[in-house]
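Notes follow the structure.
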Amino acid sequence: GIQVEQSPPDLILQEGANSTLRCNFSDSVNNLQWFHQNPWGQLINLFYIPSGTKQNGRLSATTVATERYSLLYISSSQTTDSGVYFCAATREYNFNKFYFGSGTKLNVKP
Amino acid sequence: GAGVSQSPSNKVTEKGKDVELRCDPISGHTALYWYRQRLGQGLEFLIYFQGNSAPDKSGLPSDRFSAERTGESVSTLTIQRTQQEDSAVYLCASSLNLQAASYNSPLHFGNGTRLTVT
């Protein structure tokens, strides 16, 4: 399968700060998604982004498929951004098995 | 329904007992996935269904684990003779269809079943 590595594993921010989360993957992928797991365990899909850049409010994501990494940007962080951020990828020609990274645990302090 | 529904939300069982976990996907979603999340870790793929068929069971940890899906809706994950290492949150997700899962159709997750084996 694909190796999906995320960094940093833990991140503490002061409210209002910006941050960048990174996801490296070991093989060519045809589906890359970012998820947020809130402190109650609920997983919410943030972006589908196998390549290019997308923005949604204070969040944006960029995937450089040729260099096998994706970045998630959080600007003007809020306490509600706290939780764990996962990236997940599927291999080319096997798009039904998502491999998840171990996540970045974000704590935004007021 | 409005979202993916899983039951029970919590299950405590004694080692050696069998448990059944249930998942109701979003209506019309033909693809259904089971994942396991151990404390503080990422998601581990178990099995997926396309309709009632399970083409890939390679993620099931042992033959004590099985899953079925009927009527392209409800799915049940069964763990026989539970062991303490089975303790985890079991998450179910659905998507419109596998092709769509690959092309801008996100996974929708339920809230999970927290299984504790004592």
Side-chain angles (χ1 to χ4, degrees), chain A residues 1-10 21 23-25 28-52 54 56 59 61 63 65 83-107, chain B residues 2-6 8-10 23 26 29-51 53-60 69 88-115:
Chain A
I2 308 174
Q3 302 301 314
V4 180
E5 296 182 353
Q6 293 186 242
S7 60
D10 294 279
L21 282 58
C23 173
N24 293 334
F25 38 91
S28 298
V29 300
N30 73 343
N31 189 332
L32 191 290
Q33 300 191 21
W34 282 94
F35 296 85
H36 175 224
Q37 188 170 40
N38 65 24
W40 297 272
Q42 189 178 17
L43 272 162
I44 303 297
N45 186 284
L46 298 176
F47 292 103
Y48 162 80
I49 186 157
S51 64
K54 289 186 177 179
N56 184 2
L59 302 181
T63 297
V84 183
Y85 290 80
F86 291 103
C87 68
T90 65
R91 296 179 68 179
E92 283 187 323
Y93 314 117
N94 187 11
F95 47 76
N96 35 47
K97 183 183 287 188
F98 286 85
Y99 295 89
F100 279 74
S102 54
T104 291
K105 186 175 183 179
L106 174 64
N107 184 7
Chain B
V4 178
S5 178
Q6 292 188 245
S9 55
N10 282 284
C23 173
I26 293 173
H29 281 196
T30 60
L32 185 148
Y33 305 77
W34 283 99
Y35 283 86
R36 177 169 71 178
Q37 186 177 28
R38 290 198 166 104
L39 186 63
Q41 299 187 17
L43 277 69
E44 176 187 4
F45 171 84
L46 298 179
I47 189 171
Y48 82 89
F49 289 89
Q50 174 61 29
S53 172
D56 189 343
K57 304 179 182 180
S58 63
L60 294 177
R69 187 180 185 194
V89 176
Y90 289 82
L91 289 156
C92 176
S94 69
S95 67
L96 195 58
N97 59 60
L98 283 179
Q99 291 282 355
S102 181
Y103 299 101
N104 210 21
S105 176
L107 294 180
H108 297 266
F109 279 90
N111 290 332
T113 293
R114 183 177 299 277
L115 176 66

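Letters A, B, ... mirror the listed sequences (proteins, then strands); counts begin at 1. Predicted, not measured: the structure shown is a model, and the values here were computed from it.
In this structure, the portion of A:F35 lying under 4.5 Å from any heavy atom of chain B is its side chain and not its backbone. In this structure, the portion of B:L91 lying under 4.5 Å from any heavy atom of chain A is its side chain and not its backbone. Proximity to chain A (any heavy atom under 4.5 Å) is shown, for B:E44, by neither the backbone nor the side chain. With a threshold of 4.5 angstrom between heavy atoms, A:Q37 approaches chain B through side-chain atoms but not through N, CA, C or O.
Of all the listed residues (A:F47, A:F100, A:W40), the one sharing the greatest number of non-hydrogen pairs under 4.5 Å with chain B is A:F100.
Considering all non-hydrogen atoms of both residues, B:L107 and A:Q33 come closest at N-OE1, 3.7 Å. Heavy-atom minimum distance, B:Q37 versus A:F86: NE2-CZ, 3.4 Å.
You'll find the ring centres of B:Y35 and A:F98 outside the 6.0 Å limit.
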